[in-house]
Amino acid sequence: MTTGSTEKVNGARALIKCLEEEGVDTIFGYPGGQIIPFYNEIYDSNLRHILVRHEQAAAHAADGYARATGKTGVCVSTSGPGATNLVTGIATAYMDSVPIVALTGQVPTFLIGNDAFQEADITGITQPITKHNYLIQDAKELPRIVKEAFHIASTGRPGPVLIDLPKDVQNAEIDFYYPDKVELRGYKPTYKGNTQQIKRAAEEIANSCMPIIYAGGGVISSNASAELVELAETINAPVTTTLLGIGAIPTEHPLHVGMLGMHGTKYANYAIQESDLIIAVGARFDDRVTGKLESFAPNARVIHIDVDPAEISKNVKVQIPIVGDAKQVLKSLNKYIRCCNSEAWIEKIDHWKKEYPLNYRQVSPDVIMPQFVIEQISEACRDAIIVTEVGQHQMWAAQFFKYKKPRTFITSGGLGTMGYGFPAAIGAKVGKPDKTVINIAGDGSFQMNSQELATAVQNDIPVVSVILNNGYLGMVRQWQELFYDRRYSHTYIKGSVDFVKLAEAYGALGLRAEKPSEVRPAIEEAVRSGRPAVVEVIVECEANVYPMVPAGAAINEILDIEEHADTPCAMPDLRKVKVDGVLDLEEQ
Amino acid sequence: MKHTLAVLVENKSGVLSRVASLFSRRGYNIDSLAVGVTEDPEISRMTIVVQGDDQVLEQVTKQLNKLVDVIKVSDIGVDDAVERELALIKVSADVTARAEIIQIANIFRARIVDVSPKSVTVEVTGDEGKIDAIEKLLRQFGIKEMVRTGKIALVRGSKKV
């Protein structure tokens with residue numbers, strides 16, 4: 001089956017035409033020897049190519065672009081080291097079910113297996129971290145494979161697909177035609193839920209007095225927020241979200257109980273533990289959510305709606321599995337449900353909300369508390385897309401920003417990739433140029449991809465990075481404080497760089513806030529500037545993320561600030577802090 | 001518990017490695033794996049014997065189904081399937097032992113496929129138990145080398161997987 005007439009082109013040109021057919025207008029990449037033919041064709045095309053400074057950033061940017069827009073992100077690199085540099089980004093997208101297509105150059109087919117210069121078996125390497133991958137052996141297969149790749153990446157449970165393109169395949173002449181449809185007998189995702197199961201679920205809901213809706217990233221990726229909120233409001237049930245489910249329901253919705261799990265709210269964890277029915281939608285009962293599995297929600301029956309059948313009953317035994325797309329299943333479920341008898345339950349939860357609110361203690365009036373910074377961002381940039389790196393700041397961003405819409409919180413949840421946030425923010429801003437995009441970062445994470453300041457400046461992508469600088473790899477330091485007797489082994493990183501000068505060196509705007517009163521103006525100035533900007537905020541260095549469920553504990557065994565008071569800390573304890581074996585005397 | 005899975009896959013390069021790496025990545029143990037092309041040259045059939053309880057089997061099946069190149073996965077029950085394995089066993093055999101080995105082979109309806117002054121090679125087909133039994137009997141003569149194909153299986157009757 002063909003569209004239009006055929007035309008003689010080389011493989012590289014054919015690839016451009018395929019991307020155009022797929023509606024791709026932007027790609028993120030970095031050239032190299034084995035991908036030059038494709039870059040030669042990009043030169044004449046209408047594709048917007050964002051040149052990054054490290055291939056890892058190309059993968060994260062494609063991922064951020066995909067999460068912000070819902071479209072499939074595309075990244076490209078050369079063979080060998082270029083391809084292996086994509087690996088962390090691909091794994092990140094795989095763990096969080098993000099649709100991206102990664103294009104890699106490869107040595108010519110006749111050299112494959114010869115340990116040629118810049119050869120790496122990237123399809124072998126990425127096999128466990130892609131939804132599917134291809135090594136194109138014959139240029140004639142290229143259009144079909146690209147069509148399949150975009151189809152696989154974006155349908156069912158989304159995920160990354162990699163296409164390896166040997167140089168001779170890029171150069172070979174073919175008669176180009178783009179297939180209308182894909183024929184994959186081994187790949188047929190289920191979208192429509194089984195009606196019998198949906199009716200059973202509705203019955204189960206009607207019989208429940210203490211239901212809770214547990215919403216994950218699947219709600220965001222299937223654009224099912226409206227249906228989810230309708231379900232919650234109709235049956236009057238609280239909604240807790242996973243890290244990736246944030247934005248599925250507005251933070252300030254009265255039925256929202258916040259995130260659950262290790263750093264979830266106390267009331268979300270209490271609610272799921274006491275519930276008699278869990279309605280899981282597009283979530284996978286990750287260990288950071290369930291805590292100790294044997295004591296997770298002991299009295300609850302479980303309805304699990306997921307597009308991926310392999311997620312059902314993987315960790316938690318499910319009574320009513322419904323395989324299907326979250327949006328479609330919720331739509332039909334909403335037809336059968338009626339209000340259940342949950343007033344007393346909601347009252348109880350509201351009581352917990354009042355008794356155990358998210359909180360932090362201002363250790364002294366001059367110190368900037370990191371949670372305060374997030375609150376300031378939340379007030380100053382209400383409709384922003386928030387992207388994060390990984391660590392304490394990520395959890396505070398999840399807890400203290402008031403989200404209003406889906407696709408406005410972008411973070412590496414499953415893999416927990418430090419260095420993700422900044423390039424992902426660049427991708428999100430490219431996809432949503434009219435939105436303010438804020439990358440909330442830590443001083444550790446930001447340095448993992450800070451070279452992308454050059455990308456933001458060169459391509460004029462005004463992303464604001466707010467770095468919560470506490471001089472530590474804070475999350476690991478917190479674990480060391482709580483579980484390793486405050487032995488801060490190699491988590492002290494203060495003085496690693498002057499972030500303001502770093503930003504300026506790249507031609508970006510650099511600002512610093514050292515007092516609470518300086519935070520809001522600095523953030524506002526950075527956003528107003530319309531330039532790539534870094535706001536370095538010097539925050540309390542030993543603040544901890546609370547509530548916290550220790551690893552391996554049941555999720556209602558929660559540490560909170562009351563039990564574990566933050567010790568005021570103006571400077572680290574020098575008896576315990578070593579920098580490369582030498583005491584950091586400047587701190588005295 | 002042992003389960004026998006019949007897995008229909010696209011007959012393409014790389015598929016075997018996808019299936020094998022899935023087992024190692026998810027921590028499932030393969031007892032045996034046999035693969036060959038089917039009546040349709042575009043489809044290969046893998047027969048995989050896997051250890052595990054029902055929950056493991058459910059996960060294995062679901063994870064296999066997630067592979068794009070996997071077309072169908074069926075659990076073939078023990079009772080309603082014909083199961084066969086083939087083994088070649090090279091046994092140390094001088095002139096005195098040869099007759100006894102041939103006798104054992106006959107009892108098992110095995111065949112002698114190669115003879116040399118110091119060895120006899122026996123070809124035997126059957127289910128796992130039968131092959132284990134002949135192996136045990138031949139061991140007394142000294143098994144120099146042995147190779148087994150792994151189990152293959154077809155459902156009885158006109159039904160297909």
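In the text below, chain A, chain B and the rest are named by the order of the sequence lines, each starting its count at 1.
- In terms of heavy-atom proximity, I322(A) sits nearest to N194(A) at CG2-N, 4.4 Å.
- Comparing D308(A), T123(A), L135(A), I152(A) by how many heavy-atom pairs each has under 4.5 Å with chain B, the most go to D308(A).
- Chain A forms the most heavy-atom pairs under 4.5 Å with one residue out of L67(B), N65(B), I43(B), and that residue is I43(B).
- Q106(A) and D164(A) share a donor-acceptor pair across their side chains, judged by distance under 3.5 Å alone.
- For the residue pair Y28(B)/Q63(B), the side-chain donor-acceptor check at 3.5 Å is not satisfied.
- Salt-bridge formation is not detected for the pair D306(A)/R284(A): no Lys NZ or Arg NE/NH1/NH2 atom is positioned less than 4.0 Å from an Asp or Glu carboxylate oxygen.
- The parts of R18(B) that come within reach of chain A are both its backbone and its side chain, each placing non-hydrogen atoms under 4.5 angstrom from that chain.
- At a 4.5 Å heavy-atom cutoff, the contact between V68(B) and chain A is made by backbone and side-chain atoms alike.
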